[in-house]
Amino acid sequence: GGFMSLWLKLKKTKKNRYLSHQTPAPAVDLPLFAPENFELITQAVEDKKAIGQMIPESRQEHESFHEEMMLKAHEAANNIGLSKRVFAARLQGLEAILTVRLAALAKTPETQQARDLLRRRLQILYERTADLAASYRAEIDCYLHVGAFLYWLAEHQDLPESALVHDSLIREGDPKRAEAFLSSLMHTTSAHGTEAAYYSGWLAELRIDPSLALDRYIIALQGAPQNLDFLCRTGMTARNLGRYQEAVECLEWRARVIQGQRNHDEVMLALAQRELAYTHLQEKQYKKAEPLYQNAMTLLAQKLGHSNQELAICWLQLGEMQETLGAYDKAQLLYGRAFDMLKANMGGLDPLLAPALERLAGLMLDMGLHEEALPLYQQLVAVREGSMSNGHPFLFHAMAKVTETYRFLGAYAKAEEICRKNLKLMETYYAKGHPQTAERLRELSKLCVLQGKNEEGRQYLDKATALLALQ
């Protein structure tokens, strides 16, 4: 029991014993239903090697099994019952639930841990809805893999109930029954208990329950301690929860497993080292992070070139480290380099530009370089609007920063214009009386007073005070 005992088990595992379920399947891009994507779908199933340890022994059985799995995957891709609209509504409903739960928790020392977890869950949700198209693809990818596993259970493990669960997941687009069914299998001693734990954890992660997902990933790791997928998801989920020691243990072991493979993929190793380095960075272990970044960046430059996107992410993370250390000039240089590289790779409005823009603009603002910060924040708003036309907390935050920067520059009328636009979007997005709208009302009040509109400013301040009193 416990994570440290698992880590000891990982260390004792011989390096030359690798499971077949190590290399992640390639992403299956949308539209999944187009005939030309059949090859992509079937390749994803092939690369999964029929879900880990489940490959039949004889060559004839193996070929027959793969053919069966590929046909089932193709059928599933053409019958996915989850539309992008329903998916977005599902996430919006979850946001409302988590927001209400957070507001209902009294601010006492006894509830601090629960409040922190809810805030983490909301942050994960915001990040997921910030790029809805990518999140939808990830959801569908999970359903296809879980569906293939359920189909295998029904056909080859004498578990007929899994066929009904499969249909509920694929045809109805509802993962609840699949998650419950798989979680009931994960404590079994048979081989499929390990995979059931992993897939039920993946489903829990998608509905943004990282604590439960982590518990299930750990169970999966106990059955397959060198599985690269399991190690990656366990480590990343632990990091999202701020459990850095556990994250480091998994991600460090994952890098070692990759490095120990004969003819290992050096890009995969570099990305694994980068994730480990970033985890050290977040726990403020900078001396441990630096050599990992150096190794990762050397490999990425050699294999992908000096201007690739993955290398740009390294520069961005190193900029974050320098900013944390107070080396703002170095951070500015690194953020700028990362942003230029990402923009060259993806264009000016790609959602993946947002972290670099936000970091660079925020640093400029903190350094008092308001004129330099303004166009960066304006570009951040344009990026956010491109993928969040119906509103999003990240968009509201970016617009608030534009307002703040205009105010610092003394352009009060322009700041008021942006603030009013932001408030209107927020009142459409949030339920009536949401505390975030109170913050914008207070900002609007301040801007009115700065322009000599004292009575109007007092009215907005009264509205804000009344909203906050209801919380």
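Being a predicted model, the structure only gives us computed values, none of them experimental.
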Q: Can a donor-acceptor pair be found, under 3.5 Å and without considering hydrogens, that links the side chain of R440 to the backbone of L423?
A: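 Judged by distance alone, no pair lies under 3.5 Å.
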
Q: For a ring pair (Phe, Tyr, Trp, His ring centres under 6.0 Å) with Y199, tell me which candidate from W152, Y143, F149, Y217 qualifies.
A: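 Going through W152, Y143, F149, Y217 one by one, the ring pair (Phe, Tyr, Trp, His ring centres under 6.0 Å) with Y199 is satisfied by F149 alone.
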
Q: Report yes if some heavy atom in the side chain of Q309 is under 4.5 Å from a heavy atom in the side chain of L352; otherwise report no.
A: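 The answer is yes; the side chains approach within 4.5 Å.
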
Q: Between S445 (side chain only) and L441 (backbone N and O only), is there a donor and an acceptor less than 3.5 Å apart?
A: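 Not a single qualifying donor-acceptor pair exists.
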
Q: Take atom CD in Q112; do more than 12 heavy atoms of anything else shown fall under 6.0 Å from it?
A: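 Result for CD/Q112: enclosed.
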
Q: Check the orientation of Y198 and W202. Use parallel for under 30°, tilted for 30 to 60°, and perpendicular for over 60°.
A: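 Y198 vs W202 ring planes: tilted.
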
Q: Can you tell me if T129 uses its side chain to pair, donor with acceptor, with the backbone of Y126 under 3.5 Å?
A: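 It does hold such a pair.
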
Q: Are any of the side-chain nitrogens in E427 or K424 under 4.0 Å away from the carboxylate oxygens of its partner?
A: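 Salt bridge absent between E427 and K424.
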
Q: Determine yes or no for a side-chain-to-main-chain donor-acceptor pair under 3.5 angstrom, with S387 supplying the side chain and A130 the backbone.
A: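 Indeed, once roles are kept as given, a pair shorter than 3.5 Å links the two residues.
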
Q: Mark yes when over 12 heavy atoms from residues, nucleotides or ligands other than R90 sit less than 6.0 Å from its CZ; otherwise mark no.
A: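 Enclosed: over 12 neighbouring heavy atoms sit under 6.0 Å from CZ of R90.
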
Q: Give the ring-plane orientation class for Y429 versus F396, where under 30° counts as parallel, over 60° as perpendicular and anything between as tilted.
A: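 Perpendicular, since the angle between the ring planes exceeds 60°.
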
Q: Is the closest basic N to carboxylate O distance between R207 and E179 below 4.0 Å?
A: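 Yes.
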
Q: When you measure from the side chain of R239 to the backbone N and O of E275, does any donor-acceptor pair fall under 3.5 Å?
A: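 Checking the backbone N and O of E275 against the side chain of R239, a donor-acceptor pair under 3.5 Å is found.
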
Q: When rounded to the nearest 0.5 angstrom, what is the spacing between CZ in R384 and CD in Q379?
A: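 One gets 12.0 Å once the value is rounded to the nearest 0.5 Å.
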
Q: Can you find a heavy atom in the side chain of R101 that is under 4.5 Å from one in the side chain of R121?
A: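 Yes, side chains in contact.
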
Q: State whether the side chain of R254 and the backbone N or O of L231 hold a donor-acceptor pair below 3.5 Å, judged by distance alone.
A: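 The answer is no, because no donor-acceptor pair under 3.5 Å joins these two groups.
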
Q: Keeping the roles fixed (side chain from Y430, backbone from L425), state whether a donor-acceptor pair exists under 3.5 Å.
A: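 Absent.
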
Q: Under the 3.5 angstrom rule, does the side chain of N345 hit a backbone N or O of S307 as a donor-acceptor pair?
A: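 Judged by distance alone, yes, a pair lies under 3.5 Å.
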
Q: Between Y293 and Y278, is the ring centre distance below 6.0 Å?
A: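 When the ring centroids of Y293 and Y278 are compared, they turn out to be at least 6.0 Å apart.
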
Q: Which is it for E372 and M367 under the side chain to side chain contact (heavy atoms under 4.5 Å, CB included) test, yes or no, and what are the steps along the way?
A: CA-CA 10 Å; E372 291 82 353; M367 294 171 69; over 6 Å; no

Q: With heavy-atom distances below 4.5 Å as the criterion, would you say the side chains of R274 and L271 are in contact?
A: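 In short, these two side chains touch, coming nearer than 4.5 Å.
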
Q: With distance as the sole criterion, is a donor-acceptor pair present between the side chains of E290 and Q294 under 3.5 Å?
A: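 No, Q294 and E290 have no side-chain donor paired with an acceptor closer than 3.5 Å.
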
Q: I want to check something: taking the side chain as every heavy atom from C-beta on, are M268 and H264 in contact at a cut-off of under 4.5 Å?
A: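 Contact flag for M268/H264 side chains = no.
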
Q: When you look at L357 and Y335, which way does the side chain to side chain contact (heavy atoms under 4.5 Å, CB included) test go after all the steps?
A: CA-CA 8 Å; L357 270 172; Y335 287 154; over 6 Å; no

